Amino acid sequence: MFKQLSPCPAFLPAFLLLASVLPPCHAEGPYQATGFKVGEVTSTTAIIWTRLSLRPERNGLDLPMVEIRYATNSQERRKRAVEEIIYPNDVTVSDIRDAVPGTAGQVRVLFRPRGVEKWQQTSWEAVDPGEDFTQQFQLRKLTPGTTYDVRIDTQSSPNRETGQSLEGSFQTAPPAKTPARVVFTVSTGQAYNDRDDEQGYDIYPTMLKLKPNFFVHTGDIIYYDRLAKTEALAHYHWQRTYSLPTNVLFHRNVSSYFIKDDHDSWVNDCWPTMKTKYMHEFTFVRGLEIFRHQVPMGRSTYRTRRWGQDLQIWMVEGRDFRSANTDPDGPAKTIWGEKQKEWFKRTVRQSDATFKVLVSPTPLVGPDRDNKKDNHANKGFTVEGNELREFIASQQNMVVVCGDRHWQYMSVDPRTGTREYSCGPASDKHAGGWQQDDYRKEYHRYLNVTGGFLSATVERSEGTPSLTFRYHDSDGTVNFTDILSPR
C-alpha cells in the first residue's frame, strides 16, 4: 500500500478523501510524511511541531526489518543483554520497513484566525538533523477562544521553491472568566503492532467526529522496549507511528497535550536510577530528551491549563523524579517528587475553576493487579498514594483521569471518595490485563476490558455547569456515561 518513491499516493482511505483539508502532493520536496502537531495550547499561545522527510510517504512493507539478537550464555541471558543488532543486507535504520527518513531543509508556520484573509507567519527556520530533523515554533499573542487555520511550508534551502505544504487548524482556550462548552478526548496504550489496520487506529477518525477542542495522550504513545536499542531506532518508533494516515490527519486538526510514561521514556516500569542491559546503548536520559523534541512541549513536562470558567486540567510527570520501584515504602518514597507535589497542591488551591481534572499517566485509585509495583494504586507507593488521594478528595469538584491500564474503568476510592476514570487503550487488540468478570463493588462503577477512548464535555444548561464523561468504543459507541454537577 505504501510505495516508497511515488510522490503522490494513488490510493487514499475513505476518511482522508472526505476530510476537509488534504495535503497537496509535490514532485519535489522536502516533504512532511509525519505531518505536524499543535500542542500546549493556552488562550494566547500554542506550539507547532514540524519535521521534514526525504519522501512524501513512509517506507514500504516490502522492505527488510531489523532483528535484535540477545545473549545466549546463561549469565547474560538472565540480564536480558543485547548481543547483536542485525540489519539485513547491511541497510540502515532509514531503509527498514515503515521508517520515514528525514532530510535537511527549512520550515515556516503561517497562521490566521478563521475567516481572516491575511496570514501571519514565522521566519524560516532550519530543522535539526541531530534531533531527527524536527523544529518547533512558539506562537504568541493569539486571540482567546478562536479557531486558527495553520499552514506549514517547507523549502530545501533559502530562496528555493516551496516544497510540500500542509494545512490544518486548532482552537485556543477561552478566557478563564468565560463560561464555554469544551470537549476533550483522552487515550493511552498506542502499541504499533496492535493498531487496527495499516492506516492506523480507528479512534482518531472517530474522535474527529466529536470535534474536540483538545486531546490528551496520557503516555505509552510508543513502545521502545523490544526494538529501540539505539537512538536511531528510538526515532524510528516516532516516525512509523506518526506517519500513519489516521494520526497525521488527526493531529493536523486537533491540538494535543502529550504526557510520557514508561514505554515512551525508556522501558517497562522504569525509573531514573534503573540499570538494565536490555536497552543496549539507548539510555533513560536520552529517552527523556527525545520525548521533548518529538512532541510539542514547553518548559516543563508537568503543567496546568485553563479552558474557560468551568475547566482546569493538571498534567503530571511520573518518570523523571520517581524513587526506585524496589525501594521500601515510606514518606520519602515518591513518584512525583516534592517539587512537583508542592506545585500541584499550590496551583489546585489557587484555582477557581468549577471543575478540576488531574490527568495522570498512571492510576491513583485503581484497583490494579496485586503483582504491579509501579503506580499509586499499588502497595509499593501507598504512603504517597494516600497523601494525594486525600488531597484530591478535599478539593471541591476534582477528579482523576488516568492512562496506563489496558482496560476501561471508572472507580471510586472506598476510603476517600476520589473518583478515577481510566481511559483504556487505543485499540481492542491492546486491551487486556484484567478479567471482565472481576467487578469489584467497593471500587468499580464501570468496567470494560476493551479499546477505545474517553471523552469529557463541560457545558452549561440554564446557567448550571456540568462535566460529563463518556466511555467510547473505537467506533464511537458510548458504553458508559457519568455526569457530574458541582458541589
Side-chain angles (χ1 to χ4, degrees), residues 1-13 16-17 19-39 46-60 63 92-95 98-140 148-170 235 238-240 242-245 247-253 293-294 296:
M1 184 176 296
F2 298 100
K3 301 298 182 182
Q4 187 172 358
L5 297 177
S6 170
C8 298
F11 167 82
L12 285 172
L16 283 178
L17 289 172
S20 59
V21 181
L22 291 175
C25 297
H26 293 267
E28 296 184 4
Y31 301 101
Q32 301 178 71
T34 42
F36 64 85
K37 306 183 188 86
V38 183
I47 298 175
I48 310 294
W49 175 97
T50 67
R51 180 179 183 270
L52 292 184
S53 61
L54 182 63
R55 292 183 284 270
E57 296 174 282
R58 53 204 267 126
N59 286 355
L63 295 183
T92 68
V93 174
S94 294
D95 304 310
D98 298 331
V100 186
T103 189
Q106 295 185 317
V107 289
R108 70 176 178 184
V109 177
L110 292 85
F111 58 101
R112 62 187 179 189
R114 182 157 293 173
V116 174
E117 183 177 352
K118 185 177 180 180
W119 291 99
Q120 300 178 65
Q121 65 184 52
T122 69
S123 59
W124 286 100
E125 298 292 341
V127 296
D128 187 347
E131 304 295 0
D132 198 31
F133 302 94
T134 61
Q135 181 59 268
Q136 299 190 34
F137 295 85
Q138 176 84 56
L139 306 186
R140 295 182 172 88
Y148 273 82
D149 293 320
V150 61
R151 189 180 90 205
I152 313 298
D153 289 342
T154 70
Q155 62 181 15
S156 57
S157 59
N159 303 317
R160 293 292 299 272
E161 183 179 351
T162 302
Q164 184 186 32
S165 293
L166 284 184
E167 295 186 356
S169 63
F170 67 94
H235 288 307
W238 292 95
Q239 295 169 18
R240 68 177 185 173
Y242 284 97
S243 59
L244 291 167
N247 298 39
V248 171
L249 180 65
F250 182 84
H251 287 290
R252 282 171 40 221
N253 291 285
H293 70 248
Q294 285 290 358

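All figures in this text were calculated on a predicted structure; none of them were measured in a lab.
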*Who passes side-chain hydrogen bond (donor to acceptor under 3.5 Å, both in side chains) against Trp238, sequence neighbours left out?*
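Counting only residues at least two positions away or on another chain, Trp238 forms a side-chain hydrogen bond (donor to acceptor under 3.5 Å, both in side chains) with Tyr224.
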*asked:* Which residues pass the side-chain hydrogen bond (donor to acceptor under 3.5 Å, both in side chains) test with Gln120, not counting sequence neighbours?
replied: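 Applying side-chain hydrogen bond (donor to acceptor under 3.5 Å, both in side chains) to Gln120 gives none.
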If every non-hydrogen atom of [X] is compared with every non-hydrogen atom of [Y], which pair is closest and at what distance?
| X | Y | answer |
| --- | --- | --- |
| Pro101 | Asn59 | CD-OD1, 3.9 Å |
| Thr50 | Phe137 | OG1-CE1, 4.1 Å |
| Ala33 | Pro56 | CB-O, 3.5 Å |

_Could you check whether any side-chain heavy atom of Tyr31 comes within less than 4.5 Å of a side-chain heavy atom of Glu57, counting everything from C-beta outward?_
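Of all side-chain heavy-atom pairs linking Glu57 with Tyr31, none is under 4.5 Å.
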*His293 versus His235: any side-chain heavy-atom pair under 4.5 Å?*
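Touching, per the 4.5 Å side-chain cut-off.
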_Working to the nearest 0.5 angstrom, can you tell me the gap between Asp128 CG and Gln136 CD?_
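Reported value, rounded in 0.5 Å steps: 11.0 Å.
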*Between atom CZ of Phe133 and atom CG of Leu52, what is the distance when rounded to the nearest 0.5 Å?*
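The distance works out to 9.0 Å.
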_Residues in ring-ring contact (aromatic ring centres under 6.0 Å, His included) contact with Phe250, at least two apart in sequence or another chain_ =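 Result, ring-ring contact (aromatic ring centres under 6.0 Å, His included) vs Phe250: Tyr204, Phe215.
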*Kindly say whether Gln294 contributes a backbone atom to a donor-acceptor pair with the side chain of Lys37 at under 3.5 angstrom?*
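Pair found, side chain donor or acceptor close to backbone of Gln294.
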_Tell me whether Ser53 contacts the main-chain N or O of Val100 through its side chain, where contact means a donor paired with an acceptor under 3.5 Å._
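Not confirmed, Ser53 side chain does not pair with Val100 backbone.
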*asked:* Does Thr103 form a side-chain contact (heavy atoms from CB on, under 4.5 Å) with Val127? I'd like the steps, not just the answer.
replied: CA-CA 8 Å; Thr103 189; Val127 296; over 6 Å; no
*By side chain to side chain contact (heavy atoms under 4.5 Å, CB included), which residues pair with Val38, not counting sequence neighbours?*
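For Val38, the residues satisfying side chain to side chain contact (heavy atoms under 4.5 Å, CB included) (neighbours in sequence not counted) are Phe36, Val41, Ala46, Ile48, Phe170, Ser255.
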_Selection residues 131-140 - residue pairs positive for salt bridge (Lys or Arg N to Asp or Glu O under 4.0 Å), sequence neighbours left out_ =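 Checked against salt bridge (Lys or Arg N to Asp or Glu O under 4.0 Å) - neighbours excluded - the pairs reaching residues 131-140 are Arg51-Asp132, Glu131-Arg286.
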*Identify the residue among Arg240, Arg58, Gln239 that makes a side chain to side chain donor-acceptor pair (under 3.5 Å) with Asp98.*
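Exactly one pass, corresponding to Arg58.
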In residues 148-158, what donor-acceptor pairs under 3.5 Å come from side-chain atoms, sequence neighbours left out?
residue	atom	partner	partner atom	Å
Tyr148	OH	Thr143	N	2.8
Tyr148	OH	Thr143	OG1	3.4
Asp149	OD1	Arg114	NE	3.1
Asp149	OD1	Arg114	NH2	2.7
Arg151	NE	Asp153	OD1	2.9
Arg151	NH2	Asp153	OD2	2.9
Asp153	OD1	Ser165	OG	2.6
Asp153	OD2	Arg108	NE	3.0
Asp153	OD2	Arg108	NH2	3.1
Thr154	OG1	Pro30	O	3.0
Thr154	OG1	Gln164	N	3.1
Thr154	OG1	Gln164	O	3.1
Gln155	NE2	Gln106	OE1	2.5

